[in-house]
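Working notes for the structure below.
Labels below follow one simple rule: chain letters A, B, ... track the order of the sequence lines, proteins then strands, and each chain is numbered from 1. Just so you know, these numbers come straight off a predicted model, no measurement behind them.
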Amino acid sequence: MNRSETYIEDFPVQGFQQDLINWYQEHQRDLPWRLNQDPYRVWVSEIMLQQTRVDTVIPYFNRFLSLFPTLTDLAEADEEKVLKAWEGLGYYSRVRNLQTAVREVAEQYGGTIPDTADEISKLKGVGPYTAGAILSIAYGVPEPAVDGNVMRVLSRILLIYEDIGKAKTRMLFEDAVRKLISKEDPSSFNQALMELGALICTPKSPACLICPVQEHCRAFDQGRQKELPVKEKKIKIRHVDMAALILRNQEGKYLIHKRPKEGLLANLWEFPNVPVQKRGVSEKEDLKVFIEAEWGISAAVGDQVSNIEHVFSHLKWNIQLFEGQCSHEAMDAADLKWVTLEEMESYPFPVSHQKIIKLAKEVTA
DNA sequence: AAGGCGGGGGG
DNA sequence: CCCCCAGCCTT
């Protein structure tokens, strides 16, 4: 007997399914990826929705699908164009993994996205949640799709005090969903749990008074909905001081650099920059030395233009921004280019460096 | 099991 | 300010 049976025992599964799905049929939002059940569209939407709000995703989804309407279109596209379509959405490895995976589907499965848990879970970037979401929504397979919403909702309904920050806890909720899920309509059931989490059973102040499954909710019954879910404190973020340079040559072009293919902001473009040990000591010299050593470019580094703060989930950059000139001829390499502001628009930049582009336009205007 | 990996909206 | 969002990968 696994632990979820303790939670499902004496739970009115049928009535819960009915009330949940009926509410969903009536109140579900009109979202672009609900237009049909095309597995490719479902897949793209689920990747975009990882750690990202619905309202943020909508315009990206529409643009992405118009650029890459089919799995084949995405498989054959240039990675740079794909990253550009993802620019600003964050977690860029999602889309690099997605393209790797659709290429694998094109080659290994003749372009048809697999419909079994074993096969689909092997695809790059498809974890337990995404596998369950695609299988249930696109193929009607009764697999759990447990995300943050589902853990919050079910922790309240079933009164589960396990820490949802722990990896093992997700499996507990998956076991619960396997016992709760509607075999007749797994798609609606899974989406209904998430929709309920988004619209009613929200993190801070759940709208229990209008909740369609209020009568099935153990937390509401005991007035404990605000205690759930239980989640560990998150760690403090690290601070990193950096110096960056808006470098122009005599043609008025700007130097940009492509980041390495792994790690933070992989394969995105940036302005030349170096981490600095101590603020206010030798940023200008650090930049000059770095650019000379790295690319053999001799630059005259001028005044500080601005200061940029950019916060990630795990670290914070404080970037001192300088401008500089050099007489270097426009010699491009794969990861180093001299471009005009107009040409720059076709390269994918992280938001932190989009801020620099904006300043470059002001400074040189 | 823990940490890296983006960015933005809402309380 | 902090939280947290339709998570996954690597170590």
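An OP1 or OP2 oxygen of C:dC5 is reached within less than 4.0 angstrom by a side-chain nitrogen or oxygen of A:Arg152. One finds a side-chain N or O of A:Lys124 lying less than 4.0 angstrom from the OP1 or OP2 phosphate oxygen of C:dT10. The side chain of A:His314 contributes an N or O atom lying less than 4.0 Å from OP1 or OP2 of B:dC5.
The residue A:Ser93 sits apart from the nucleic acid: no heavy atom pair falls under 4.0 Å. Using a 4.0 Å heavy-atom criterion, one finds that A:Val57 contacts no nucleic acid atom at all.
Within the 4.5 Å cutoff, the side chain of A:Pro206 has heavy atoms near those of the A:Gln225 side chain.
Checking A:Asn97 against A:Thr100 by side-chain atom types alone, no donor-acceptor pair falls below 3.5 Å.
Atom-to-atom, CD1 of A:Ile58 to P of B:dG9 comes out at 13 Å; the value is rounded to the nearest Å. Rounded to an integer number of Å, the gap from OH of A:Tyr91 to C1' of C:dC8 is 10 Å. At whole-Å resolution of the value, NE2 in A:His310 and P in B:dG6 are 9 Å apart. A:Leu89 has its CG atom 15 Å from the P atom of C:dC8, to the nearest Å. Regarding A:Asp147, its CG atom lies at a distance of 14 Å from the C1' atom of C:dC8, rounded to whole Å. Atom CD of A:Glu46 and atom C1' of C:dG7 are 11 Å apart (whole Å). The distance between atom CZ of A:Phe312 and atom P of C:dC5, rounded to the nearest whole Å, is 21 Å. A:Gln51 has its CD atom 14 Å from the C1' atom of B:dG3, to the nearest Å.
Residue-to-nucleotide proximity on DNA chain C shows that, of A:Gly197 and A:Leu123, the 5′-proximal contact is made by A:Gly197. Judged by closest nucleotide on DNA chain B, A:Gly88 is the one of A:Gly88 and A:Lys204 placed further toward the 5' end. Across the interface with DNA chain B, nearest-nucleotide mapping of A:Ser205 and A:Ser313 shows A:Ser313 to be the residue nearer the 5′ end.
Taking atom P on both nucleotides, C:dA6 is separated from B:dG11 by 14 Å, rounded to a whole Å. Rounded to whole Å, the C1' atom of B:dC5 lies 15 Å from the corresponding atom of C:dC4. For the P atom pair drawn from B:dG6 and C:dT11, the interatomic distance equals 16 Å after rounding to whole Å.
The main-chain N or O of A:Glu80 is never found under 3.5 Å from a side-chain atom of A:Asp78 such that the two would form a donor-acceptor pair. Remark: side-chain polar atoms of A:Arg96 are paired, donor with acceptor, to backbone N or O of A:Lys261 under 3.5 angstrom. The closest donor-acceptor contact from the side chain of A:Lys288 to the backbone of A:Ala300 lies at 3.5 Å or more, if one exists at all.
Here the options are A:Trp295, A:Phe349, A:Trp269, A:Phe271, the test is ring pair (Phe, Tyr, Trp, His ring centres under 6.0 Å), and the partner is A:His257; only A:Trp295 passes.
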Practice item. Kindly indicate, with the supporting measurements, whether the criterion side-chain contact (heavy atoms from CB on, under 4.5 Å) is fulfilled by A:Arg156 and A:Phe220. Key: CA-CA 8 Å; A:Arg156 289 170 177 163; A:Phe220 179 77; over 6 Å; no
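The A:Ala167 side chain lies nearest to B:dA1 when the options are B:dG6, B:dA1, C:dA6. Nearest nucleotide to the A:Glu195 side chain, out of C:dA6, C:dC9, B:dG6: C:dA6. The side chain of A:Arg29 lies closest to C:dA6 when the candidates are B:dC5, B:dG8, C:dA6. Taking only side-chain atoms of A:Arg53, from C-beta outward, the nucleotide of B:dG6, C:dA6, C:dC4 with the closest atom is C:dC4. Each of C:dG7, C:dC4, B:dC5 was ranked by its minimum atom distance to the side chain of A:Thr130; first place goes to C:dG7. The nucleotide whose nearest atom lies closest to any side-chain atom of A:Arg34 is, among C:dA6, C:dC4, C:dC3, C:dA6. Closest to the side chain of A:Trp33, from the set B:dA1, B:dG7, C:dA6, is C:dA6. Minimum atom distance to the side chain of A:Asn149 is reached by C:dA6, of the listed B:dC5, C:dC8, C:dA6.
You won't find any donor-acceptor pair under 3.5 Å spanning the side chain of A:Thr52 and the base of C:dG7, going by distance alone.
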Study note, to complete from the structure: Dot-bracket assigned to DNA chain B with the 3.5 Å Watson-Crick/G-U criterion, [ ] for crossing and | for other-strand pairs, is |||||.|||||
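The ring of A:Phe312 has its center closer than 6.0 angstrom to the ring center of A:Trp317.
When hydrophobic residues (I, L, V, M, F, W, Y) are linked wherever their side-chain heavy atoms come within less than 4.5 Å, the members clustered with A:Val230 are A:Leu159, A:Tyr161, A:Leu228.
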